[in-house]
Amino acid sequence: MIKKVETILAEVKDNELKRIAEKVINHERITKDDGLLLFQRGSLSFLGSLANHVRERMHGNKTYFNRNFHIEPTNVCVFTCKFCSYSRLYAHKEEGWELTTEQMMDIVRKYDGKPVTEVHIVGGVHPKLTVHFFADLLKKIKAHRPDLHIKGFTAVELEYMFRKAKMTIEEGMSYLKEAGLDSLPGGGAEIFAPEIREQIAGDKVDADGWLAIHAAAHRLGMHSNATMLYGHIENYEHRIDHMDRLRSLQDETKGFNTFIPLKFRNHDNEMSHVPESTIIEDLRLYAIARLYMDNFPHIKAYWPMLGRQNAQLTLSFGVNDIDGTIDDTTKIYSMAGAEEQNPTMTTAQLVTLIKQANRQPIERGTLYNEIRDYSEIDLKEIEANPLLN
Ligand code: V47
Ligand code: SF4
């Protein structure tokens with residue numbers, strides 16, 4: 001049961017926590033030390049009530065989802081992140097695959113006439129797939145379906161393809177934008193602190209490089225998301241450091257839409273010995289993210305990693321977005337030990353999940369333009385109407 005924030009203030013005995021709560025209620029920014037203290041001393045109910053207060057202040061009961069599908073061009077990757085169950089260059093080389101442009105266009109064509117609004121393109125970093133190959137793909141997708149928003153390529157993929165093509169970040173971003181790229185997903189951020197990043201993702205772009213790519217995209221008027229891979233070998237300071245770097249860039253550019261904490265899953269990777277975080281820690285983190293990331297409009301729970309029921313719980317802990325229908329044919333996330341082995345939900349299922357949490361389901365476009373309010377639409381009507389489901 002989420003308590004009203006006034007009740008929390010009256011009940012909290014810890015003066016430091018009370019001081020932070022008052023700041024939040026008065027719309028003041030909390031500091032890094034405040035954030036750390038929340039991790040160290042904030043109870044689940046205290047953090048949840050405060051985060052829920054902020055979430056409802058910003059969005060009321062609105063809970064967003066979108067209708068999207070994924071394309072994964074390849075699972076081959078030159079990098080060797082220890083948490084990754086997906087990359088197949090060195091380990092399990094025989095299981096590597098890469099799609100041709102035609103195969104990817106077949107996936108796009110599969111959605112002809114269906115009311116999806118976004119394609120999310122993300123995969124491994126293949127040594128031979130160039131920026132020109134991807135520019136050609138983007139142009140073909142746009143020629144086929146101009147209204148489809150293309151959210152594509154993590155900063156890790158982009159940094160590599162620009163470097164190989166000897167393009168500056170600005171040149172590369174402008175080139176892909178010109179070809180049809182609309183926005184960037186948030187992947188590849190992992191944990192920025194070098195002492196952890198070097199241990200888990202030592203050979204790919206560092207924090208400054210990741211942030212520079214997003215800053216360049218924002219300067220071109222593109223939006224992007226940001227993730228944080230948590231619940232492995234990082235500590236609370238590393239989490240706050242990560243969120244603080246993102247918050248600072250957002251102060252400058254205002255180009256981020258959504259912050260997406262990604263729970264580390266330990267299935268079938270080189271970090272399988274590291275235990276996964278508990279749901280209590282997950283919910284505390286979501287709540288602190290809502291409180292700390294005061295200039296990020298949205299906090300998203302990515303349900304395939306968290307599981308449907310846990311994702312539903314996060315809606316009372318600061319989260320106001322639950323990603324989308326997804327339709328992940330190649331199962332990149334189930335390979336990483338995701339909770340969900342079948343990462344697809346119909347609109348009716350997503351709407352039900354949101355309504356069960358007493359929230360208002362709103363279908364959105366990638367940039368949070370509201371497409372349809374589902375709160376008054378009957379489930380039977382959604383299921384019967386292919387344009388709604
Ligand atoms: O960067 C890899 C993560 C990310 C594991 O922007 C893992 O809308 C947990 O960023 N356990 C890619 N996580 C996915 C991503 C994303 C997903 C959905 C929406 C958006 C968006 C972005 O997946 C990687 C990495 O942090 N990941 N392995 C694992 N074992
Ligand atoms: Fe490659 Fe991404 Fe896996 Fe790292 S997380 S090995 S960059 S696919």
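All residue numbers in this chain count up from 1 along the given sequence. The model shown is predicted, which means the values in this text are computed figures rather than measured ones. Whatever order the structure lists ligands and atoms in, that order sets their numbers, starting from 1.
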Regarding [X] and [Y], does a basic nitrogen lie under 4.0 Å from an acidic carboxylate oxygen?
X: R219; Y: E170; result: yes
X: K128; Y: E98; result: no
X: E22; Y: R19; result: no
X: R109; Y: D106; result: yes
X: E237; Y: K32; result: no
X: E16; Y: R41; result: no
X: D244; Y: R247; result: yes

Quick check: does [X] get an N/O under 3.5 Å from an N/O on ligand 1?
X: R265; answer: yes
X: L184; answer: no
X: K300; answer: yes
X: L262; answer: no
X: N225; answer: yes
X: G188; answer: yes

With a heavy-atom distance limit of 4.0 Å, tell me whether [X] approaches ligand 1 through its side chain, its backbone, both, or neither.
X: F83; value: both
X: V122; value: neither
X: D323; value: side chain
X: T154; value: neither

Could you please spell out the steps behind the side chain to side chain donor-acceptor pair (under 3.5 Å) verdict for S224 and H214?
CA-CA 7 Å; S224 72; H214 282 257; 2.8 Å; yes

Is any side-chain heavy atom of M173 less than 4.5 Å from a side-chain heavy atom of M222?
yes

In the protein, what heavy atom is nearest to atom 1 (Fe) of ligand 2, and what distance, to one decimal place, separates them?
C77 SG, 2.2 Å

Closest approach of any protein heavy atom to atom 3 (Fe) of ligand 2, naming residue and atom
C84 SG, 2.4 Å

List every atom of ligand 1 that sits less than 4.0 Å from any heavy atom of [X], numbering the atoms from 1 in the order shown and giving each element.
X: K151; value: 8 (O), 21 (C)
X: N269; value: 30 (N)
X: I260; value: 6 (O), 8 (O), 20 (C), 21 (C)
X: M305; value: 7 (C), 9 (C), 11 (N), 13 (N)
X: P185; value: 6 (O)
X: F264; value: 9 (C), 11 (N)
X: K263; value: 9 (C), 11 (N)
X: T227; value: 10 (O)

Under the 6.0 Å and 45° cation-pi test, does R364 pair with F65?
no

Which is closest to atom 10 (O) of ligand 1 in terms of heavy atoms, C81, G187, S183?
G187

Heavy atom to atom 20 (C) of ligand 1, shortest distance: which of M271, K204, H232, H120 holds it?
H120

Just by distance, no angles: are the side chains of [X] and [Y] close enough, under 3.5 Å, to form a donor-acceptor pair?
X: Y302; Y: T227; answer: no
X: T253; Y: H218; answer: yes
X: E157; Y: T154; answer: yes

With backbone taken as N, CA, C and O and side chain as the heavy atoms from C-beta onward, which portion of C81 lies under 4.0 Å from ligand 2: side chain, backbone, both, or neither?
both

K204 heavy atoms, cut-off 4.0 Å: which ligand 2 atoms fall inside?
4 (Fe), 5 (S), 7 (S)

Among E363, E370, E56, find the residue that satisfies the salt bridge (charged side-chain N to carboxylate O under 4.0 Å, His left out) test when tested with K62.
E370

